[in-house]
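Along the sequence shown, the residues carry numbers beginning at 1.
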Amino acid sequence: MSEDDRIAVVGLSCRVPGADDAPALWRNLLSGVDSVRRTPAGEGVPGGPDWVPAFGRLDDLEGFDADLFGCPAAAAALLDPQHRLFLEVAWHALEDAGIDPDRDPAQIGVFAGCAPNRYLHHHLLGNPALAPAAGTLAEDWDDALTGSGCDYLPTRTAFALGLSGPAVAVQTACSTSLVAVCQAGQSLLDYRCDVAIAGGAAVVSTRQAGYRLRPGGLLAADGVCRPYDAAATGQVFGNGAGAVVLKRLADARADGDHVYAVLAGWAVNNDGADRPGFTVPGVSGQAAVMAEALASVGWDAADVGYLEGHGTGTPVGDAIEVDALARVRRSARAPLLLGSVKGNLGNLDAAAGVISLIKAVYAVRTGQVPGTAHFTAAHDDIDLAAAGAEVDAQTRPWAGERRAGVSSFGLGGTNAHVLVEPAPAPATDAPDAGAPGPVVLGLSAGSPAALRELARRLAVRLADGDLAVADVAHTLAVGRRRLAYRDAVACADAGEAVAGLTALAAGDPVDGDEAVRAWRAGADLPVPPGRRVPLPGYPFRRTRHWIEARR
């Protein structure tokens with residue numbers, strides 16, 4: 001299998017319950033944190049015996065940095081929160097990859113989807129509060145329509161970020177974002193684009209409080225998602241968004257990109273009619289999609305040591321998933337570790353698949369496999385032994401070759417499976433940071449406060465001591481947008497960089513050389529040799545753009 005057939009993950013970002021970025025999510029997963037909130041009755045939520053006060057909520061769902069994305073305040077108030085979330089994670093994912101679309105000649109595509117727009121139905125339509133400000137919603141139909149439709153999520157992202165590659169909406173329910181990853185990967189292999197953003201967003205509740213329990217439904221009676229567990233009674237939902245940035249591996253190595261992991265292969269199919277009903281998953285379809293992904297790269301089922309499963313905590317769905325896995329692994333002798341991030345976050349609907357992928361990418365990269373929250377023993381209907389699999393509630397080191405699979409299955413039967421392996425060693429002919437010497441760290445932001453916060457975040461990151469300042473300077477020079485407020489630090493090593501950035505964060509003036517003064521005046525900095533490295537993301541200045549739900 002050549003580099004030409006593999007896809008590099010060069011950037012990633014997420015905003016999920018309990019974590020505003022991917023490193024925070026990873027720390028939570030390693031610690032086994034359950035980020036689903038349980039709101040006591042009487043705190044602004046409904047009561048009653050059928051009310052379950054559990055939800056994977058996001059902080060500051062109402063806030064949005066509208067100015068940064070060039071969105072007028074009136075339009076921002078009508079904009080689906082899912083669009084807002086995806087704009088933010090797409091921006092951060094590109095930053096994480098060290099790519100500035102304004103100056104990078106690559107054709108950048110967007111493949112993404114979201115859940116149905118609850119904000120439109122519960123906050124906008126029929127809301128009399130809109131009448132004094134906007135006449136009627138129909139009079140602002142352009143903003144309401146393009147700000148509300150799932151079709152416009154990728155095209156809005158392309159417009160806001162200046163991306164000229166394919167912008168394609170993907171809608172397959174809970175498998176949406178992993179199907180988007182597969183579509184993006186194929187587009188790269190077909191040379192339809194050079195870089196691709198793939199992912200999804202989900203705001204399944206704007207109230208973020210809980211749900212009414214329906215007898216025989218899919219939701220957990222106790223408000224706890226327990227993937228594959230004997231005590232599981234159903235799933236719990238949550239809000240969130242995630243995105244990955246993908247490149248052809250050969251291009252990523254030639255460009256000196258930071259490669260988190262490699263997508264070796266993937267497959268997408270549908271269960272068809274071989275199942276009891278439209279909303280019931282199919283064993284044959286799930287088995288087929290895993291087998292097809294393995295065959296696409298010539299792997300055996302035993303080559304995969306960890307599977308990040310769909311694992312929603314519904315006894316029927318989890319049993320079908322493990323049954324399908326057993327069919328694929330019938331002759332496999334090597335053990336398989338099975339897990340699901342949904343025990344930590346709940347089911348994030350259209351964003352679920354890409355969050356599972358981000359977890360698997362970190363596991364492959366670090367050699368640590370997070371435990372599956374709330375697991376004690378397998379459900380009676382789940383035959384882990386037949387699949388040669390085990391589920392562990394504790395984080396464990398990954399012994400042996402690190403190859404992972406990621407499954408995501410959508411209501412309606414569209415299945416996706418992606419295979420992940422470690423990044424290769426950096427290419428010997430990739431750009432090198434060279435000998436240490438004075439460099440300029442140029443920062444820019446949309447406001448003075450954001451500039452100070454960006455300096456603070458970068459100082460904290462550099463204090464860790466694992467980054468070369470030349471690589472940081474290179475990444476800032478090629479991979480960050482030029483915004484209105486600028487400052488810079490000239491430094492020869494990490495110690496000088498931290499001191500200068502700390503002074504900028506405190507609002508203290510820092511003397512600079514000619515290059516620093518030119519940067520402050522609006523000129524570009526020379527690009528020093530180096531590699532692109534992940535750096536802290538832009539500090540969004542979120543202000544409230546929210547129309548209250550109608551009563």
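- Atom CD in E321 sits 7.0 Å away from atom CE in M290 (nearest 0.5 Å).
- Listed by chain and number, the residues in a salt bridge (charged side-chain N to carboxylate O under 4.0 Å, His left out) with D21 amount to none (sequence neighbours excluded).
- P315 and T233 make their closest contact through CD-C, 4.3 Å (heavy atoms, listed as atom of the first residue, atom of the second, distance).
- Residues A373 and N344 approach most closely at CB-ND2, 3.8 Å, considering heavy atoms.
- Side-chain atoms of R6 never come within 3.5 Å of backbone atoms of A250 as a donor-acceptor pair (strictly under, hydrogens ignored).
- Applying the ring-ring contact (aromatic ring centres under 6.0 Å, His included) definition to pairs two or more places apart or across chains, none involves residues 201-248.
- Here the side chains of V224 and V36 are not in contact, with every heavy-atom distance at 4.5 Å or above.
- Expressed to the nearest 0.5 Å, how far CG of L30 lies from OH of Y362 amounts to 10.0 Å.
- The two residues N415 and V289 have their closest heavy-atom pair at O-CG2, 3.7 Å.
- Considering only heavy atoms from C-beta on, V297 stays 4.5 Å or farther from E421 through its side chain.
- Not a single donor-acceptor pair under 3.5 Å links the side chain of H258 to the backbone N or O of A97.
- Across T172 and T176, no two heavy atoms sit closer than the pair N-OG1, 2.9 Å.
- Residue pairs meeting the ring-ring contact (aromatic ring centres under 6.0 Å, His included) criterion with at least one member in residues 308-350, sequence neighbours excluded, are H310-F409.
- The salt bridge (Lys or Arg N to Asp or Glu O under 4.0 Å) contacts involving residues 214-238 comprise D222-R226, where partners must be two or more places apart or lie in separate chains.
- When every heavy atom of L219 is checked against every heavy atom of L213, the shortest pair comes out as O-CD1, 3.6 Å.
- Atom CZ of R37 is surrounded by more than 12 heavy atoms from other residues, nucleotides or ligands within 6.0 Å.
- Between the side chain of S340 and the backbone N or O of G311, at least one donor-acceptor pair lies under 3.5 Å.
- The shortest distance between side-chain heavy atoms of L294 and H417 does not fall below 4.5 Å.
- Using a distance-only test at 3.5 Å, with no hydrogens or angles considered, no donor-acceptor pair links the side chain of R365 to the main chain of A261.
- A donor-acceptor pair under 3.5 Å links the side-chain atoms of T157 to the main chain of L153, judged by distance alone.
- Distance CG/N28 to CG/L345: 8.0 Å, rounded to 0.5 Å.
- Looking at every heavy atom in both residues, A252 comes nearest to V10 through CB-CG1, 3.9 Å.
- Between L218 and T312, the closest side-chain pair of non-hydrogen atoms is not below 4.5 Å.
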Tabulate below the donor-acceptor pairs under 3.5 Å that side-chain atoms of residues 346-356 make, not counting sequence neighbours, or state none.
from : atom 1 : to   : atom 2 : distance (Å)
N347 : OD1    : D349 : N      : 2.9
N347 : ND2    : Q235 : OE1    : 2.7
S356 : OG     : A352 : O      : 3.3

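- Among residues at least two apart or in separate chains, there is no salt bridge (Lys or Arg N to Asp or Glu O under 4.0 Å) pair with a member in residues 371-385.
- A heavy-atom distance below 4.5 Å is found between the side chains of L338 and V322.
- Remark: of the listed residues R248, R531, K247, K247 is the sole one forming a salt bridge (Lys or Arg N to Asp or Glu O under 4.0 Å) with D257.
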